[in-house]
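What follows is a short report on a single structure.
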Amino acid sequence: MWNEIKSNLISSRVYLKEFLLYNTVVILFILLIFENTAIIISLVLILFFLSLIFLNMIGYRRNKELEEIKSVISKIHRSDFSGSEEIKLNKYLLSLQEEIRLMFGKTKSDIEYLKRLEKMRTEFLANVSHELRTPIFAIQGYIETLLDGAIDDKKVNKYFLDKANQHTMSLSNLLNDLIDISMIESGEMRMSYRYFNVNEYISPIIQELKPIADEKNIEVIYYPARDGLQLFGDKNRLKQVFINLITNAIKYTEKGKVEILIEEEDRFGKVIVRDSGIGIREEDISRIFERFYRVDKARSRSVGGTGLGLAIVKHIVEAHGSKIVVKSTLGEGSEFSFRLKK
Ligand code: ADP
């Protein structure tokens, strides 16, 4: 009991100054009102004991509240709470309870965010290693076969070298896409926005991609925009967008055509890349912009895909304050579009 009183009094020390001031004022009054020394001494003694009782009560209350707060904090440490509504303090500590709940909620969501990031990082690393392994193993296999004697076999040596070369190209595509995506996601990609003449800009890109389409007998048609139409954007980064969208349209089209058009709107130019290809199922449309997501892995690899192209496209288009829209019908074709400011 004495120990408890001692601990209560120690705890109430924070109010000592106020008590001394209050007692001094009361003693001054006593001195002013009473003249009899015995009465004065008795009153001062009573005051002293009352103060001790009072300080003890305050200290007791303070200790109880501190215990309550300590217990909530250690429960948070031990992760005993699953939701902030489980945190409860007495009615005198409601404002503190609210603050602790807010802090708990924020810390919880920060931790969940970090866990998600960590999971994404691990998945990304696993994907990258897997993607790197495929072409490296293939190249290794072709080189070993050549070294084992195939190099002297005129019927197959060029074929193996061609294959090894193709895989080297996939590797180089993958590395370039990886560099781009990490630059974009780390915020290192500097954008430089300017007005550019859209017809003058797109024609050479299409010429560059025509040979790939010719190989597959696919027609690439560009419907020129109004003469002199200027759009606003980062020409270098947008080139990547156009190349990725048009090569995808060619890659995933077996027969027919790829059309590129610019629809002029009030304040925007709507860029459309349309194909008559294999199309994308409804449930895959929302996922094709995820890193490494491919509807058909084998098919994507066989046409030199990295699974990163559309993730890069999405980032760049969004950096232009725009949004990429996909419309597709399985077996009929797909349309990718986005808007650029005029
Ligand atoms: P990839 O390098 O595999 O082409 P992308 O990120 O460019 O990766 O595209 C992701 C996936 O979206 C592709 O693997 C493909 O399944 C699908 N896809 C993209 N463009 C088209 C298209 N024009 N037609 C049909 N499917 C497409």
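Note that these values count all heavy atoms, side chains included, but never hydrogens, waters or copies made by symmetry. In each ligand, atom 1 is the first atom listed, and ligand 1 is the first ligand listed.
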Report every pair formed by an N or O atom of ligand 1 and a protein N or O atom separated by less than 3.5 Å, giving atom names and the distance to 0.1 Å.
residue, atom, partner, partner atom, Å
ligand 1, 2 (O), Thr306, N, 2.7
ligand 1, 2 (O), Gly307, N, 2.8
ligand 1, 3 (O), Tyr252, OH, 3.3
ligand 1, 3 (O), Ser300, OG, 2.5
ligand 1, 3 (O), Gly307, N, 3.4
ligand 1, 4 (O), Asn248, OD1, 3.3
ligand 1, 4 (O), Lys251, NZ, 3.0
ligand 1, 4 (O), Tyr252, OH, 2.7
ligand 1, 6 (O), Gly309, N, 3.3
ligand 1, 6 (O), Leu310, N, 2.8
ligand 1, 7 (O), Asn248, OD1, 3.4
ligand 1, 7 (O), Asn248, ND2, 2.8
ligand 1, 7 (O), Leu310, N, 3.4
ligand 1, 8 (O), Gly307, N, 3.3
ligand 1, 14 (O), Tyr252, OH, 3.2
ligand 1, 16 (O), Val295, N, 3.1
ligand 1, 20 (N), Asn248, ND2, 3.4
ligand 1, 23 (N), Asp275, OD2, 2.9

- Task: Indicate whether any N or O donor in one side chain lies under 3.5 Å from an N or O acceptor in the other, for Asn3 and Lys6.
- Result: no
- Message: So, using side chain to side chain donor-acceptor pair (under 3.5 Å) as the criterion, who are the partners of Asp275 when residues are at least two apart?
- Response: none
- Query: Is Arg291 close enough and on-axis enough to Phe124, meaning under 6.0 Å and within 45°, for cation-pi?
  - Reply: yes
- Query: How about Tyr193 and His320: are their ring centres within less than 6.0 Å of each other?
  - Reply: yes
- Query: So which of Val198, Ile262, Asn199, Ile202 actually passes side chain to side chain contact (heavy atoms under 4.5 Å, CB included) with Pro224?
  - Reply: Asn199
- Message: Can a side-chain donor-acceptor contact be found between Arg190 and Ser192 if the only test is distance below 3.5 angstrom?
- Response: no
